[in-house]
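All chains are named by letter (A, B, ...) in the order of the sequence lines, taking the proteins before the strands, and each is independently numbered beginning at 1.
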Number of protein chains: 2
Amino acid sequence: MGTVGKALDLLNLFTRQRALVGLSEMARLSGLNKATCHRLLTEMESRGLVEQVGAAREYRLGPAVLRLAALRETAVPTRDAAMPVLQALARATGETAHLSLREGDKLVTIAFAYSPTHATKVMMEDADILPWHATSSGQAVIAFLPEAEREALLARPLPRLTDVTETDPGQLRARLDAVRLRGFAETTGTFETDAQSVALPLFLNGDEAVGALGVAFPANRSTPDLLSCIRRELAGAAAEIIDLWGGQSPPGVALLWQRLT
Amino acid sequence: MGTVGKALDLLNLFTRQRALVGLSEMARLSGLNKATCHRLLTEMESRGLVEQVGAAREYRLGPAVLRLAALRETAVPTRDAAMPVLQALARATGETAHLSLREGDKLVTIAFAYSPTHATKVMMEDADILPWHATSSGQAVIAFLPEAEREALLARPLPRLTDVTETDPGQLRARLDAVRLRGFAETTGTFETDAQSVALPLFLNGDEAVGALGVAFPANRSTPDLLSCIRRELAGAAAEIIDLWGGQSPPGVALLWQRLT
DNA sequence: TGTTGATGGTTCATTATTTGAACCGTTGGT
DNA sequence: ACCAACGGTTCAAATAATGAACCATCAACA
């Protein structure tokens, strides 16, 4: 791996729970030498990608990422274009809508919208990383990935997050087959107990999913009516987002969704 | 300069006007060897910072920057925290409000809000880079920078963007003195003919400005009443944003702003 | 149809940069 | 007063970056 890769990997050590990282801790986490870490960090600091803060001189992500993200959004209005649809979806279903994108081997939540309808709702966080096997969004995406990539992701450890999390690759494969047949994924309590969710894969061009659109709600609120409402609204919203992105869903999937509405 | 710096500099070659850049062009723009460019780009691509797209295999900013920006925002809610204030400011003044942050030697617009009041308004773009000498936001920030940094920025070329752009460092220095005395900056037609704007510096801690809050409007709408309204609203909004950021404006500046309201 | 010039991408000997153990100066706790 | 942890620095040794020359491909053009 080249020097640049090492530097960029350092950026991935920042998480929401660990927004500030000191030099030594960074070296420990990355496995790199402290001096190497220091050089990489100062180099990234000079470009504003990270910044040093406070008396402890800890590092955190810098303001340059905001500019880059704004630039990316004007070039490819992924988040901004989907935001209104997401809000409408939350309003129409009365539940929490969220949009996740695939980034290599990670599934990252990049936007979400709440509904004011109910006091209890499923809360989300930006930049959350969702497990492939235990969320409806993860299953929706992974089901519509080329077989090789799907198997690569299934070959990784599948942690049992709750009592009902499916951790057997074989069983999971069967579920993904079902997802592919229905055009959407549904999970109940596999990620967080009491939370249920429905998700549809999102496409740009070709048959490969690039992300997912989901609605999550407290499982105790689940009724056939609510579910069919959510499926219906999701199908419309997903089609709309794909359209806004200038993409196209595979004909087979589009047909499945039409039946939902 | 290290390898990492070179790679990150490649990211800065992407602009709104040039969202897609091919390999050869990138080498040309950066002055690096084509092979070097290619290696740096593929390495950044493997981390999602850039992506390759289309038949021409051109490069553009990748989805990873969205995740990083979202993470930065949860750690340091710069944009999201200021957004409501910005919208209120646009509503109260009836004009275009915008927020810019200093990133090293650049001043970058990271958010803005329009008012529906008038059909004609000053339009803005995310990730715009503002010239220090020709915008009220630039002057507001540069006036409240340590002398050494101010002089470094004044020593660079100061392009004449319109007929009335001040390009003489000496004259500019005098203007900045005035800005410091008044606590805000005002320019008319120095960036774009027909556009007028007022801006206040933003502080985090200490006397060094980290950004600016501005309101821009068509010069032909300018009246003493509008100006005093804008100054008043700006003072309140700037104080609010600084407070939301957990910062503090220098006592002298805070006093000047209080007189405006 | 063959030529030209552009593109993205690859190779490999040369070269310059990265690397890391050991070091320094501070700080905070015991 | 001590110790351990912190951020940061040094410099010879090791490794990774570099770039001229090279393909393959494509589009325009004669």
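Scanning for side chain to side chain donor-acceptor pair (under 3.5 Å) contacts around B:R156 gives B:D105, with sequence neighbours left out. For B:Q258, there are no side chain to side chain contact (heavy atoms under 4.5 Å, CB included) partners at least two apart in sequence or on another chain. Applying the side chain to side chain contact (heavy atoms under 4.5 Å, CB included) rule to A:S30 yields the partners A:L10, A:L13, A:L32, A:C37; only residues at least two apart in sequence or on another chain are considered.
Interface limits on DNA chain D: the 5'-most and 3'-most nucleotides within less than 4.0 Å of chain B heavy atoms are D:dA17 to D:dA20.
For DNA chain D, the neighbouring residues in residues 44-64 of chain A, judged by any heavy atom under 4.0 Å, are A:Q52, A:A56, A:R57, A:Y59. Of the residues in residues 8-18 of chain A, not one comes within less than 4.0 Å of DNA chain C through any heavy atom.
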Donor-acceptor pairs under 3.5 Å, side chain of residues 22-29 of chain B to any protein atom, not counting sequence neighbours: which ones?
none

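Put simply, B:H38 has a side-chain N or O that comes within less than 4.0 Å of OP1 or OP2 on C:dT10. Contact annotation: B:R28 reaches the phosphate of C:dT7 (side-chain N/O to OP1 or OP2, under 4.0 Å).
Between B:R180 and B:D177, at least one side-chain N (NZ, or NE/NH1/NH2) sits under 4.0 Å from a carboxylate O, which counts as a salt bridge.
Under the 4.5 Å side-chain criterion, counting only non-hydrogen atoms from C-beta, A:H38 is not in contact with A:K34. Between A:L86 and A:L213 there is a side-chain heavy-atom pair separated by less than 4.5 Å.
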Where do N or O atoms of nucleotides 18-24 of chain C meet protein N or O atoms at under 3.5 Å, pair by pair?
| residue | atom | partner | partner atom | Å |
| --- | --- | --- | --- | --- |
| C:dT18 | OP1 | B:T3 | N | 2.7 |
| C:dT18 | OP1 | B:T3 | OG1 | 2.9 |
| C:dT18 | O5' | A:R39 | NH1 | 3.4 |
| C:dT19 | OP1 | A:K6 | NZ | 2.7 |
| C:dT19 | OP2 | A:R39 | NH2 | 2.1 |

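Listed for the A:H98 side chain is no donor-acceptor partner under 3.5 Å among the backbone atoms of A:M123.
Residue pairs meeting the salt bridge (Lys or Arg N to Asp or Glu O under 4.0 Å) criterion with at least one member in residues 62-76 of chain B, sequence neighbours excluded, are A:E51-B:R72, A:E103-B:R67. Legend: salt bridge (Lys or Arg N to Asp or Glu O under 4.0 Å) pairs involving residues 124-137 of chain A, not counting sequence neighbours, sorted by first then second residue: A:R16-A:E125, A:R16-A:D128, A:R79-A:D126. Note on residues 201-213 of chain A: pairs passing salt bridge (Lys or Arg N to Asp or Glu O under 4.0 Å), not counting sequence neighbours, are A:R102-A:E208.
B:F203 and B:F144 have perpendicular rings, their planes meeting at more than 60° on a 0 to 90° scale where under 30° would count as parallel.
Direction of the helix axis in the helix from C:dT1-D:dA30 to C:dT30-D:dA1 shifts by 40° between the two five-pair termini, rounded to 10°.
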